[in-house]
Number of protein chains: 2
Amino acid sequence: MYCENQSSRSMPVKHSLVLDGEKGELVQASGRIGKKIGVPETKTIAALKSHSEAERRRRERINAHLATLRGLVPNNEKTDKATLLAEVISQVKQLRATARRASEGLHIPMDADEVHVEIVEHNGGDGSFLLRASLCCDYRPDLLSDIRQAINDLHIQVLKSEICTLGGRVKTVFLVTTGERDKDGAAGLEVLVSSVRGALSKILDKVSASAEYALDLFSPRKRQRVS
Amino acid sequence: MYCENQSSRSMPVKHSLVLDGEKGELVQASGRIGKKIGVPETKTIAALKSHSEAERRRRERINAHLATLRGLVPNNEKTDKATLLAEVISQVKQLRATARRASEGLHIPMDADEVHVEIVEHNGGDGSFLLRASLCCDYRPDLLSDIRQAINDLHIQVLKSEICTLGGRVKTVFLVTTGERDKDGAAGLEVLVSSVRGALSKILDKVSASAEYALDLFSPRKRQRVS
DNA sequence: TCCGACACGTGATGC
DNA sequence: TGCATCACGTGTCGG
């Protein structure tokens, strides 16, 4: 709600005191105000002085916090106060969004092999994005290490991973984003999507190929069951 | 870095113009300054007017962003500017921390049954915390739904879940926190830890009990293999 | 009465 | 030169 500040704008009041001297001493202005002051001017002077000092301390507190925020948000070392605050609210919004996305639904593996990559969110402003990639296939012992290797090769950051198994089938869902912000926008995003899709498809093909001749100990009948 | 502001503090300059009238009109003060101005006073007046208007617009931008932040951060509707900024930097810090925690190591299930609950992080300032809970046991079809049910009953928020299977064994690791901030601090935290531990132990016992008489299709030999 | 928080207008400074 | 940003001191309001 703040202050209504109506009165101060419509009735600004004449200045009666003025700052002078080398070190911020307050003296009485040449005002024509007939305010009958006999002696207590020194008291008013002191009051104004402490007032301005308090105001300066308040400003220092606020600016200190702004400096902290400037250090917290990446490389806005010399931007405006206003744009700095704008970047901060953008950061908070997207952090909250990703934190919320990180706790959502659980999926169960189906009987058909599947590779799926979709763009959950793409913030054009700072080039950040959110990808959901899923792979559904038969389980094999080195599946997880293969996936892990693919993630390392793609240089992406995994926000959330669900690895869900059901009767020899496994479905893995990854929520991924870029490690730090890069500015190549929608173009680089598309190639990244296809890269992720290609890597997962490669893992899927490796499953099928090895299943051709290798005997897996724990896999039940292959790929057909009740839907 | 900002402005050095040395000069403006040590030499504040005498006021020569003064605000007057009902609606913010600028007039010349009664100053004894002999600045020989013939006509261009109106220009200076207009300049000062546009100046103050621009400054007001700047203030409005900054305050609008502050209001947005005030709406974004939970229930700080009428706090100071300074404390609001302090809360914002706290929010950003903890959001970044949890986002970083959410992408860490992957675990593989071992041969011994295990329930583990530990406090990863406890922020005494706002009562928020971060718990890592893990359960390692044999796989059974309704294990995941049991875990999901336990999470719902505990009223906790899952930031990250890893469900990793290896040869009939499954290890699930959860990174959990409180849904929204509650202020009961360390006391409630301890009871929550033991609640989580108890719920997971219950799930573990149910596995062993059902394994007594039921024939699981996919489980290999029970609980002993190479370490 | 005093103290803290705000909005305001203003001079200085950098582009 | 003007234009935008900043720190400053001050008036005002509420507790």
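Note on naming: letters A, B, ... go to the chains in the order of the sequence lines (proteins, then strands), and numbering restarts at 1 for each one.
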What is the distance from CG of A/D80 to P of D/dA7, rounded to the nearest Å? 11 Å
Rounded to the nearest Å, what distance is computed from the CD1 atom of residue B/I62 to the C1' atom of nucleotide D/dA4? 11 Å
Among the nucleotides D/dG9, C/dG4, C/dT10, whichever has the atom closest to the side chain of A/S52 is D/dG9
DNA chain D nearest-nucleotide lookup for B/E55 and B/S50: closer to the 5′ end is B/S50
Below 4.0 angstrom from OP1 or OP2 of D/dA7, is there any side-chain N or O of A/N63? yes
Heavy atoms from C-beta onward define the side chain here; which of C/dG4, C/dA7, D/dA7 lies closest to that of A/R59? D/dA7
Return no unless some side-chain N or O of B/K81 is found under 4.0 Å from OP1 or OP2 of C/dA7. yes
Backbone of B/L85 reached by a side-chain donor or acceptor of A/H65 within 3.5 Å: no
Verify, without hydrogens or angle tests, whether A/T83 (side chain) and A/T79 (backbone) share a donor-acceptor contact under 3.5 angstrom. no
It should be established whether A/K49 places a side-chain nitrogen or oxygen under 4.0 Å from OP1 or OP2 of nucleotide D/dT10. no
Between C/dA7, D/dT5, C/dC6, which nucleotide has the shortest distance from any of its atoms to the side chain of A/H51? C/dC6
Nucleotide C/dC8, atom P - distance to CZ of B/R57 in whole Å: 13 Å
Starting at CD of A/E60 and ending at P of D/dA7, how long is that distance when rounded to a whole Å? 10 Å
Do the side-chain N or O atoms of A/R61 get closer than 4.0 angstrom to the phosphate oxygens (OP1, OP2) of C/dA5? yes
When you measure from the side chain of A/S201 to the backbone of A/R197, do you find a donor-acceptor pair of N or O atoms at a distance under 3.5 Å? yes
Please give, in whole Å, the distance from C/dA5 P to B/L84 CG? 13 Å
With a 4.0 Å cutoff (strictly under), does any side-chain N or O of A/R58 reach OP1 or OP2 of C/dC6? yes
Is B/R56 near enough to C/dA7 that one of its side-chain N or O atoms lies under 4.0 angstrom from OP1 or OP2? no
Carboxylate-amine/guanidinium contact B/R58 B/E55, below 4.0 Å: yes
Out of C/dT10, C/dG9, D/dA4, which has the shortest distance to the side chain of B/L48? C/dT10
Rounded to the nearest angstrom, tell me the gap between atom CG in B/L85 and atom C1' in C/dA5. 14 Å
Look at the side chain of A/T177 and the backbone N and O of A/F129, then say whether any donor-acceptor pair between them is shorter than 3.5 Å. yes
